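Structure first, commentary second.
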Amino acid sequence: MRALAVDGDRVISGSFDTRAIVWDGVIARQITRAHAGAVTAVLPLADGRFASGGQDGHVAIWGSGAEPIRFEPLHDMPVADLAAWAGGIASGSWNGEIALWDGEQAPRYLDGHQGQITGLVAYRDGLASVGSDLRLRLWTADGSPADVIAVSAPPSDLAQFGDAIFVAGADGVLRRVVPGQPMQMLELTTRPLLAVAAGGGQVAVSDTTGAVWLIDPQNSGHHRPDRHRSGCDLGSGAQ
C-alpha cells in the first residue's frame with residue numbers, strides 16, 4: 001500500500017498496482033484504476049467523492065463509478081501529496097511545484113520548493129508544505145507565501161492538528177511547529193520517521209521498522225515510548 005486516507009467510516013487506499021480502493025471495513029466497496037503506475041496519494045472529497053494522485057503525475061477525481069470524473073496531467077513528475085484547498089484540490093509534486101486545481105479550470109502553479117515536496121496539508125485557510133529543501137512553507141488561501149520555517153533534518157511527512165503542524169524527520173525526531181512560537185521536538189528513535197497523521201485527539205507517527213508512536217499533541221511533558229506503540233508527549237528543543 002502506497003497511500004491511505006480515513007474519512008469517517010470510509011477508508012481510501014492507493015497501491016503500487018495502480019488501484020485506488022474505497023473500503024467499508026474489510027470489504028472493497030469501490031475499486032478504481034486510471035493511473036499508469038503507483039497511486040501515490042489519495043484525498044477524501046465532499047459528497048462521497050475522492051481524489052487520487054499518481055506516479056504518472058496525473059490527478060483523478062472519482063465519483064461512485066469505475067471511471068474518473070476528471071483525469072488531468074497536473075505534473076511532469078509523480079504526485080507527492082494531495083490536500084484540500086479553499087478552491088478545490090492542491091497537489092504537490094516531486095519537482096517541487098504545487099498545483100491549485102478547482103477540478104474544472106486549468107490549474108495554477110506555485111513555485112513551492114527547491115526539490116521534492118514530501119508533505120502537503122490544509123492549514124488554517126491555506127496550506128502548509130514541506131520539502132527536501134529543509135523548508136516548511138505556509139501559504140494563504142489565494143496561494144500567496146505566508147511564512148517560511150527552516151527544519152534541520154530531511155522531512156518525510158507532515159500533519160496538522162489545530163494550529164500545530166507536525167513534521168516527521170529522517171533523524172527520528174518529530175517536530176511540532178506553531179508559527180510565532182518556539183519549535184518543540186520529540187526524539188523518538190535513531191531511525192528515520194516515515195509518516196505522521198493526526199485525528200481523534202492524537203498524533204500517530206511511524207518509522208522504517210513499522211513501529212508506531214501515539215502522541216498527545218497538547219501536553220508538553222515527555223514519557224518514554226514503548227517500542228511498537230506508545231503514549232508520549234512533546235518536549236521543547238531546538239530545530
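All values reported here derive from a predicted model rather than from experimental measurement. All values below come from the heavy atoms of this structure, side chains included, with hydrogens, waters and symmetry mates left out.
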Exercise. Between Arg33 (side chain) and Glu67 (backbone), is there a donor-acceptor pair under 3.5 Å?
Worked result: no
Problem set entry | Atom of Val39, atom of Ser52 and distance for their closest heavy-atom approach | CG1-CB, 4.1 Å
Exercise. With hydrophobic residues grouped by side-chain heavy-atom distances under 4.5 Å, do Trp139 and Leu136 end up in a single group?
Worked result: no
Exercise. In Å, rounded to the nearest 0.5 Å, how long is the span from OH of Tyr109 to CG of Asn95?
Worked result: 9.0 Å
Exercise. For Ala20, does its backbone N or O pair with a side-chain atom of Thr32 as donor and acceptor, under 3.5 Å?
Worked result: yes
Problem set entry | Point-to-point distance, once rounded to the nearest 0.5 Å, from CG of Asp102 to CZ of Arg108 | 10.5 Å
For this session: Examine the side chains of Arg191 and Thr208 and answer whether a donor and an acceptor come within less than 3.5 Å of each other.
Result: no
For this session: Would you mind reporting whether Leu120 and Leu82 have side-chain heavy atoms less than 4.5 Å apart?
Result: no
For this session: Mind checking the CD1-CG spacing from Ile21 to Asp24? Nearest 0.5 Å is all I need.
Result: 13.5 Å
For this session: Answer yes or no: are there more than 12 heavy-atom neighbours, outside Asp142 itself, under 6.0 Å from its atom CG?
Result: yes
Exercise. Going from CG on Asp207 to CG on Leu188, what distance comes out if it is rounded to the nearest 0.5 angstrom?
Worked result: 8.5 Å
Exercise. What pair of heavy atoms forms the shortest contact from Leu127 to Ala90, and how long is it?
Worked result: CD1-CB, 3.7 Å
Exercise. In terms of heavy-atom contacts, does CH2 of Trp94 have more than 12 from other residues, nucleotides or ligands at under 6.0 Å?
Worked result: no
Problem set entry | Cluster overlap Leu43 with Val6, hydrophobic side-chain contacts below 4.5 Å | no
For this session: Is it possible for you to say whether Leu74 and Ile98 belong to one hydrophobic cluster, with membership spreading through side-chain heavy-atom contacts below 4.5 Å?
Result: no
Problem set entry | Step-by-step side chain to side chain donor-acceptor pair (under 3.5 Å) determination, Arg49 to Ser64 | CA-CA 7 Å; Arg49 299 174 302 146; Ser64 58; over 6 Å; no
Problem set entry | Close side-chain approach of Val79 to Val59, heavy-atom, < 4.5 Å | yes
Problem set entry | Side-chain touch Ser152/Arg175, heavy atoms, less than 4.5 angstrom | yes
Exercise. Do NZ/NE/NH1/NH2 and the carboxylate oxygens of Asp133 and Arg135 come within less than 4.0 Å?
Worked result: no
Problem set entry | Check: Pro155 and Leu134 side chains under 4.5 Å, non-hydrogen atoms | yes
Problem set entry | Connected via hydrophobic side-chain network under 4.5 Å: Ile117 and Val130 | no
For this session: Would you indicate whether the side-chain heavy atoms of Ile165 and Leu138 approach each other to under 4.5 Å?
Result: yes
Problem set entry | Within-4.5 Å side-chain heavy-atom neighbours: Met77 and Gln116 | no
For this session: Taking all heavy atoms of Val177 and all of Ile149, pick out the closest pair and write down the distance.
Result: CG1-CD1, 3.6 Å
For this session: Measure up the His35 and Phe71 rings against each other and bin them: parallel (under 30°), tilted (30 to 60°), perpendicular (over 60°).
Result: perpendicular
Exercise. If you look at every heavy atom in Phe166 and Pro217, which pair is closest and at what distance?
Worked result: CZ-CB, 3.6 Å
Exercise. Between Glu97 and His75, is any side-chain donor less than 3.5 angstrom from a side-chain acceptor?
Worked result: yes
Problem set entry | Nearest-0.5 Å distance, CD1 of residue Ile31 to CH2 of residue Trp23 | 7.0 Å
For this session: Say whether, by atom type as modelled, one donor and one acceptor occur between the side chain of Tyr123 and the main chain of Asp163 under 3.5 angstrom.
Result: yes
Exercise. Nearest 0.5 Å, what's the OG-CH2 distance between Ser91 and Trp101?
Worked result: 9.5 Å
Exercise. So which heavy atom on Asp157 is nearest to which on Val196, and how close?
Worked result: OD2-N, 3.1 Å
Exercise. Would you say the side chain of Leu45 lies within less than 4.5 Å of the side chain of Ile89, judging by non-hydrogen atoms?
Worked result: yes
Exercise. Between Leu110 and Leu100, is any pair of side-chain heavy atoms under 4.5 Å apart?
Worked result: yes
Seminar exercise, completed: Nearest heavy-atom approach of Ala195 to Ser156 is N-OG, 4.5 Å
